[in-house]
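Residue numbering restarts at 1 for every chain, and letters A, B, ... go by the order of the sequence lines.
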Protein chains: 2
Amino acid sequence: MSTTPKKLKIASWNINSVRFRLELVERFLREEQPDVLCLQETKVINNDFPAGLFRQLGYNFHVIHGQPMHHGVAILSKVPIREDHAHDWQDNGEARHVGALLDCGIRIENVYIPAGGETPDLEANPKFRQKLAFLERMTRWSEKLRQPTVLLGDFNIAPLECDVWNHKALLDVVSHTPVEVDLLTALRQSHDWIDLGRQFVPAPEKLFTWWSYRARDWQASDRGRRLDHVWASPQIASAAKSHRVHRASRSWQKPSDHIPLITEFAF
Amino acid sequence: MSTTPKKLKIASWNINSVRFRLELVERFLREEQPDVLCLQETKVINNDFPAGLFRQLGYNFHVIHGQPMHHGVAILSKVPIREDHAHDWQDNGEARHVGALLDCGIRIENVYIPAGGETPDLEANPKFRQKLAFLERMTRWSEKLRQPTVLLGDFNIAPLECDVWNHKALLDVVSHTPVEVDLLTALRQSHDWIDLGRQFVPAPEKLFTWWSYRARDWQASDRGRRLDHVWASPQIASAAKSHRVHRASRSWQKPSDHIPLITEFAF
DNA sequence: GGCCGATCCG
DNA sequence: CGGATCGGCC
């Protein structure tokens, strides 16, 4: 006896202020209609989160986790959420990670890993130390995980050579240094996570999810990085039927510097 | 022998940041096509003044007088300007007054009189003292003026009862206090200036040029004040053929809290 | 209520 | 480059 497979379309997007980008996010949701949208860098306290827009668009289940000024993550879902939880890997109150258990049994973990500051110097740059510590604590959590989970978000690390526009030029640039890549690899191996980006767009093809605002013409120079990721537990990796990045949105009015990632599952 | 009268259409507008209101000012100029536009509160240093927009619209003669952050006045003209000059009535570097002598022989003096702070208290409020001193120094200048002149701008004083939405309620509010009104009257009498606003819209009809941003519905409550004025030297007052205030612009997108004044002369 | 500049951050 | 916040000003 077989049942119709349940489909689930999940999007992840570092939105760089959800209030400033209401029209952008509305256009994306109308065009792509994901079942679940995971946002990073919402930059808004919970009270000011524009929940109404998402309700209007059919996203009635919200997990909102913000703080004043910086960071902030949220999960907006058309499908019911059974439970949710926030993690604070640094015990410093920063709003960087929320999880939700969907009624269909799938767990989604939405994380915004610290950027890590200007220079990859453990002595001089406390933010870089903080980033590495964050990864290590996530790894301790990840290795104990048993449920089928999608771990996604802005990881602020581009692990592969083909995840950046110029590997050699970026070896000493925070987001692509060997120490960060090693810790991200350890995190991935701690649960045997499947990197769906690279499952669907295998190396050595270049794949980026972020382009700096500072470029005069982001498309012409194409100096991007793959900082955003969707990872799946081994038990559900084969349920992933497609994975795309939404480059077009980088050219919309008032864009985020990150683009959305869209993954479709059929369970 | 008679010659065709020369027509001159002059507009004055406190624009509250010319850069932030490029579309507003463009729409106004396309619709009204004044020969001369006098702006107050441009809030831009001369280097950053959007001169290109005005040139595109046919305003090729510019007198620009700005400072960082605050104040700033400018005259943009389709007709040639023979000479220009800035006044600093306070000797404090504030950009509040520029004049231009048009080729046709008419002098335009464009002034942004200080707002005067919160409370009309000479002891506690140095800005109120500064406003009164500014008026006195202008009066010393005005009484020596001999050329036919149009003196206009944001005077930040509503002199008549019918220049405010509620005379009694505003008697102790800066912009309508007796001491300010007396000094503005002295300034007017020092050159026998003709108040063209009240020549064309005589008291006791209400006439306003400013509505606070804070009103929920500026039109419904209509708590306005006539803070902006166009005055003419006695020799040329009869050349003024019409005078209007442009209320519609207060409802345009991203409006200034002031509206433009439009005066047509025929010499 | 809304603009400006300064400062912090990515 | 372009968000957010804050204090000054109107």
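For A:Y213 and A:M69, each mapped to the nucleotide of DNA chain D holding its nearest heavy atom, the one lying further toward the 5' end belongs to A:Y213. Residue whose closest nucleotide on DNA chain D sits further toward the 5' end, between A:V18 and A:A215: A:A215.
Ion pairing between a basic and an acidic side chain is recognised when a charged N comes within 4.0 Å of a carboxylate O; A:E26 and A:R30 show such pairing.
If you take CG of B:D217 and P of C:dG1, they are 14 Å apart, rounded to a whole angstrom. Protein atom CZ of B:F134 is 12 Å distant from nucleotide atom P of D:dC10, rounded to whole Å. As rounded to whole Å, 13 Å separates atom C1' of C:dG2 from atom CH2 of B:W210. Atom C1' of nucleotide C:dC9 and atom NZ of A:K127 are separated by 6 Å, given to the nearest angstrom. Per the geometry, NE2 belonging to A:H258 stands 13 Å off C1' belonging to D:dG2, to the nearest Å. In this entry the distance linking CZ of A:F20 with P of C:dG10 reads 19 Å, nearest Å. The distance from atom CD of A:E118 to atom P of C:dC8 is 13 Å, rounded to the nearest whole Å. Put simply, CG on B:D154 is 11 Å from P on D:dC10, counting in whole angstrom units.
Between B:W231 and B:F155, the distance from one ring center to the other falls under 6.0 angstrom. Between A:H246 and A:W252, the ring center distance clears the sub-6.0 Å criterion. Here B:H97 and B:W141 bring their ring centres to under 6.0 angstrom of each other.
Note on A:S212: every side-chain N or O is 4.0 Å or more away from OP1 and OP2 of C:dG10. Contact annotation: A:K254 side-chain N/O to D:dG3 OP1/OP2 distance is not under 4.0 Å. Distances shown here put a side-chain N or O of A:R19 below 4.0 Å from the OP1 or OP2 atom of D:dT5. Between A:R214 and C:dG10, a side-chain N or O to OP1/OP2 separation shorter than 4.0 Å is absent. Taking only side-chain nitrogens and oxygens, A:K43 never comes nearer than 4.0 Å to OP1 or OP2 of C:dC9.
Nucleic acid contact for A:R216: none, since no nucleic acid atom lies under 4.0 Å from a heavy atom of the residue. Across all strands shown, B:H71 has heavy atoms under 4.0 Å from sugar-phosphate atoms exclusively, and none from any base.
Using modelled atom types, one finds no donor on one side chain facing an acceptor on the other under 3.5 Å when comparing B:E118 with B:N125.
Relative to the side chain of A:R21, the nucleotides D:dC10, D:dG3, C:dC4 differ in distance, and D:dG3 lies closest. Among the nucleotides D:dG3, C:dC4, D:dC10, the one closest to any side-chain atom of B:S17 is C:dC4.
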